[in-house]
Amino acid sequence: MSGISDESPEAAQLQAAILAGALPFLRRYAGDTIVVKYGGHAMGSDMLSNAFGRDIALLKLVGINPIIVHGGGPQISAMLERLQLRSAFVDGLRVTDAAMVEVIEMVLSGSVNKQVAELINRAGALAVGLSGKDGGLIRARKLMRSVRDPDSQIEEVLDLGFVGEPDRIDPRVLYALLGSGLIPVIAPVGVGANGETYNINADMAAGAIASAVSATRLLMLTDVPGVLDENGKLIPELTAEDARRLIESGQITGGMIPKVETCLQAVHDGAKAAVILDGRVPHACLLELFTKSGSGTLIRAD
């Protein structure tokens, strides 16, 4: 507040009022499981990363059970460039050959995963990094995509290599960690039926995990405020029917379509609600959970 010193009685009273205002929300979410997909710009800024770590630690300390699923596209691209491995994208998915999937697993399950866990540990909670291969958490299958030739109208199946999608989630390892007071931090790498490694889109992985644990909220941190109306204003809440209608009408377009579809699948399969929110806003998770207005677009089942 302008003109008020951090050490003043006025500042202390303001802080106390903020804490008191959060009490109803703390009660609402006490003991609940929240799945957070962490990625985008929020991962590339030291200020936002440190704030994220503190926010997740706070959730745990007030009795909420957060589960983190992270991306790592820029870090993967940087390592592939260093190794002079070229990558191509189809519908935002990285075509992944056998050599590339080894690098992706190394980056996601190694350096990135441990960095995210350390952000939370440094803030005073206990986070444990793992990949979807650990404990059989994410059983994956090959992701199939097809394109239609505009002239012949013939559909061609694309081979994306070792790009997968969740087939089955076994949440026992997550329950074991949560029951021990730990925060799982998950790299979106899955294992196939024959032991092969699959690179999985972090949004897909987070949605599938949120469904499997019947999460109260799936929070999708993105680089946009949420779903916008025709005037560019944030839509604070949508039913699943509303969201499907906006996709069909063309109001939801581009990269927002798969994010909304992930949210729709999550709430259909067991998550209570999903929220698309702006990870570029400091404390976005706290604003969404602990204020009346929230900070993104909430999608509920019909």
Side-chain angles (χ1 to χ4, degrees), residues 36-53 56 68-123 127-135 137-138 140-145 147 158-166 183-192 194-206 208-209 220-224 254-255 258-259 262 278-280:
V36 183
K37 185 268 177 171
Y38 177 51
H41 186 80
M43 286 186 74
S45 161
D46 288 343
M47 184 273 289
L48 291 174
S49 294
N50 290 326
F52 174 81
I56 297 304
I68 314 304
V69 182
H70 65 80
Q75 294 91 332
I76 292 170
S77 295
M79 181 59 74
L80 291 175
E81 186 174 341
R82 285 177 58 187
L83 297 174
Q84 298 183 343
L85 293 173
R86 291 188 175 183
S87 57
F89 289 85
V90 175
D91 292 336
L93 299 169
R94 190 189 304 269
V95 180
T96 305
D97 61 19
M100 202 174 292
V101 77
E102 290 186 9
V103 176
I104 290 172
E105 181 176 17
M106 176 184 70
V107 174
L108 285 179
S109 303
S111 58
V112 176
N113 185 256
K114 304 317 171 193
Q115 287 167 8
V116 176
E118 177 56 22
L119 290 172
I120 300 168
N121 290 331
R122 197 187 313 149
V128 173
L130 66 159
S131 82
K133 294 171 69 174
D134 294 317
L137 172 59
I138 303 178
R141 59 176 175 259
K142 187 179 180 69
L143 180 65
M144 306 302 295
R145 282 285 187 269
V147 293
L158 300 175
D159 187 355
L160 301 176
F162 291 91
V163 176
E165 61 182 345
I183 299 173
V185 176
I186 303 163
V189 176
V191 61
N194 297 313
E196 63 271 49
T197 298
Y198 283 110
N199 174 28
I200 299 174
N201 175 272
D203 292 349
M204 287 184 186
I209 289 169
M220 301 269 285
L221 295 180
T222 67
D223 289 342
V224 294
K259 293 185 183 298
T262 293
D278 196 341
R280 300 169 300 180

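The two residues Ala123 and Gly53 have their closest heavy-atom pair at CB-O, 3.6 Å.
Sorted by first and then second residue, the side chain to side chain donor-acceptor pair (under 3.5 Å) pairs involving residues 102-111 (not counting sequence neighbours) are Glu105-Lys133. Residue pairs meeting the salt bridge (charged side-chain N to carboxylate O under 4.0 Å, His left out) criterion with at least one partner in residues 36-46, sequence neighbours excluded, are Lys37-Asp203.
With sequence neighbours left out, Phe162 forms a ring-ring contact (aromatic ring centres under 6.0 Å, His included) with no residue at all. A search for side-chain hydrogen bond (donor to acceptor under 3.5 Å, both in side chains) contacts involving Arg141 returns Glu165, Asp167, not counting sequence neighbours. Contacts of Ser87 classified as side chain to side chain contact (heavy atoms under 4.5 Å, CB included), with partners at least two apart in sequence or in another chain: Leu80, Phe89, Arg94, Met100. Take Ala140 and apply the side chain to side chain contact (heavy atoms under 4.5 Å, CB included) test, not counting sequence neighbours, and it matches Tyr198, Ile200. Residues passing the side chain to side chain contact (heavy atoms under 4.5 Å, CB included) test with Val112, sequence neighbours excluded: Met43, His70, Gln75, Val107, Val116. Remark: Asp278 pairs with Arg280 by the side-chain hydrogen bond (donor to acceptor under 3.5 Å, both in side chains) rule, at least two apart or across chains. Lys114 meets the side-chain hydrogen bond (donor to acceptor under 3.5 Å, both in side chains) test with no other residue; sequence neighbours excluded. With sequence neighbours excluded, no residue satisfies side-chain hydrogen bond (donor to acceptor under 3.5 Å, both in side chains) with Asp97. Among residues two or more places apart in sequence or in another chain, the side chain to side chain contact (heavy atoms under 4.5 Å, CB included) test is passed with Asp159 by Lys142.
In this structure, Ser49 contributes its side chain and Ala42 its backbone to a donor-acceptor pair below 3.5 Å. With hydrogens and angles ignored, the 3.5 Å screen pairs a side-chain donor or acceptor of Asn121 with a backbone N or O of Ala127.
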